[in-house]
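One structure is given here, and the rest of the page talks about it.
What you see below is based on every heavy atom in this structure, not just the backbone, and it leaves out hydrogens, waters and symmetry mates.
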Amino acid sequence: MVKNILLAVLSLSLLSGWTWAESNPIILTVSGKIGVFTNKDKMVYEFRAKDFQTLKQRAIVTKTSWTPASTFSGPLIRDILAKVGAAGSKVKFQALNDYAYPIDRREFDKYNVILARSMNSKLLEVKERGPLWVMYPIADMPSTAKGPQLDAKLVWQVDRIVVY
């Protein structure tokens with residue numbers, strides 16, 4: 001009886017600890033040519049969900065090849081790069097499935113690109129292209145900048161950025 005109670009208490013404490021840890025998970029890791037680190041041993045900046053939300057959020061209303069017109073919200077990528085002290089001229093976005101695409105850093109100033117955390121006020125889940133999605137203000141861009149080349153840059157399920 002006492003053994004069963006101890007097992008139940010241990011199970012509940014482990015479960016609640018896991019829940020607490022998962023309530024603020026690391027959703028983005030930035031590495032490469034950066035000067036600010038949250039983990040100096042790994043030489044990376046790790047954004048937890050709550051840290052990511054403290055960055056100034058911007059909204060873009062646009063449609064993509066995969067979605068109708070929607071409101072995407074998240075910080076400007078250039079603000080993320082400033083936060084980590086990025087020094088490189090290229091930024092590679094890597095997805096959970098290891099898809100990766102490099103983008104010239106100048107585009108983030110030219111087009112006010114965000115790293116969306118929500119779509120239509122709903123957090124992006126992994127099954128819905130989350131946790132993060134590179135989003136350009138497509139509706140405001142010239143037609144010459146649109147098409148398959150731009151679609152390739154709209155990396156979803158982003159969890160890592162490498163600056164080089």
Side-chain angles (χ1 to χ4, degrees), residues 21-34 36-39 42-86 88-164:
E22 291 301 310
S23 68
N24 193 24
I26 295 169
I27 60 168
L28 178 66
T29 302
V30 184
S31 62
K33 289 185 175 182
I34 63 174
V36 180
F37 309 97
T38 57
N39 186 329
K42 293 183 180 179
M43 302 292 284
V44 298
Y45 194 107
E46 297 170 324
F47 284 92
R48 293 198 171 271
K50 290 180 183 174
D51 303 328
F52 196 80
Q53 288 304 119
T54 65
L55 296 170
K56 183 176 180 180
Q57 304 293 298
R58 302 285 183 105
I60 292 175
V61 178
T62 196
K63 67 178 185 168
T64 71
S65 296
W66 309 279
T67 64
S70 301
T71 302
F72 297 90
S73 298
L76 290 168
I77 292 174
R78 68 175 174 250
D79 290 349
I80 294 169
L81 297 176
K83 177 95 175 167
V84 303
S89 62
K90 293 234 183 230
V91 180
K92 181 169 60 171
F93 294 87
Q94 295 181 266
L96 291 169
N97 67 358
D98 289 329
Y99 174 78
Y101 199 91
I103 301 174
D104 189 300
R105 190 170 169 181
R106 292 175 290 189
E107 286 196 24
F108 307 133
D109 292 324
K110 185 175 181 180
Y111 295 118
N112 291 322
V113 184
I114 66 169
L115 195 53
R117 177 74 172 121
S118 67
M119 180 174 137
N120 297 325
S121 300
K122 184 180 174 201
L123 284 180
L124 289 167
E125 301 292 334
V126 171
K127 65 183 177 181
E128 297 165 338
R129 300 183 179 93
L132 303 168
W133 189 353
V134 175
M135 190 54 58
Y136 281 69
I138 300 166
D140 301 333
M141 295 174 64
S143 58
T144 56
K146 298 177 186 178
Q149 195 77 355
L150 178 61
D151 284 349
K153 296 175 186 179
L154 301 180
V155 182
W156 60 68
Q157 293 186 325
V158 172
D159 72 333
R160 294 164 284 160
I161 294 175
V162 180
V163 181
Y164 61 100

Is there a side-chain contact between Glu107 and Tyr136 (heavy atoms, below 4.5 Å)?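 Answer yes - side chains close enough.
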Test item: Trp66 and Asp151 side chains (from C-beta on) under 4.5 Å apart, heavy atoms: yes
With sequence neighbours left out, what residues match Glu46 under salt bridge (charged side-chain N to carboxylate O under 4.0 Å, His left out)? none
Could you tell me which residues satisfy salt bridge (charged side-chain N to carboxylate O under 4.0 Å, His left out) with Lys50, sequence neighbours excluded, listed by chain and number? none
[atom1]-[atom2] distance between [X] and [Y], expressed to the nearest 0.5 angstrom:
X: Ile77; Y: Leu55; atom1: CD1; atom2: CG; answer: 12.0 Å
X: Met135; Y: Arg117; atom1: CE; atom2: CZ; answer: 14.5 Å
X: Tyr45; Y: Leu81; atom1: OH; atom2: CG; answer: 12.5 Å
X: Ser65; Y: Ile138; atom1: OG; atom2: CD1; answer: 7.0 Å
X: Leu123; Y: Ile27; atom1: CG; atom2: CD1; answer: 8.5 Å
X: Ser73; Y: Lys122; atom1: OG; atom2: NZ; answer: 14.5 Å

Side chain of Thr62, backbone of Ala139: donor and acceptor closer than 3.5 Å?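 Here the side-chain-to-backbone pair exists.
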Assess the residue pair Lys42 and Thr29 against the criterion (side-chain contact (heavy atoms from CB on, under 4.5 Å)); give the C-alpha distance rounded to whole Å, side-chain angles, the decisive distance to 0.1 Å, and a yes or no. CA-CA 10 Å; Lys42 293 183 180 179; Thr29 302; over 6 Å; no
State, to 0.1 Å, how close [X] and [Y] come at their nearest heavy-atom pair, and which atoms those are.
X: Leu124; Y: Ala116; result: CD1-O, 3.6 Å
X: Pro75; Y: Ile80; result: CG-CD1, 3.8 Å
X: Arg160; Y: Asp98; result: NH2-OD1, 3.1 Å
X: Leu28; Y: Phe52; result: CD2-CE1, 4.0 Å
X: Met43; Y: Phe37; result: C-CD2, 3.3 Å
X: Gly85; Y: Val36; result: N-CG2, 4.1 Å

Stepwise side-chain contact (heavy atoms from CB on, under 4.5 Å) test for Thr67 and Arg129: CA-CA 11 Å; Thr67 64; Arg129 300 183 179 93; 4.1 Å; yes
In terms of heavy-atom contacts, does NZ of Lys63 have more than 12 from other residues, nucleotides or ligands at under 6.0 Å? no
Can you confirm whether the side chains of Gln157 and Tyr99 place a donor and an acceptor under 3.5 Å from each other?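 The criterion, which ignores hydrogens and geometry beyond distance, is not satisfied for Tyr99 and Gln157.
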Salt-bridge criterion met for Asp104 and Lys153 (N-O under 4.0 Å): no
If we check side-chain contact (heavy atoms from CB on, under 4.5 Å) with Arg78, which of these qualifies: Ile114, Asn112, Val91? Asn112
Verdict with reasoning, Phe47 to Leu115, per side-chain contact (heavy atoms from CB on, under 4.5 Å): CA-CA 12 Å; Phe47 284 92; Leu115 195 53; over 6 Å; no
Evaluate Leu76 against Phe108 for side-chain contact (heavy atoms from CB on, under 4.5 Å), listing each step before the verdict. CA-CA 8 Å; Leu76 290 168; Phe108 307 133; over 6 Å; no
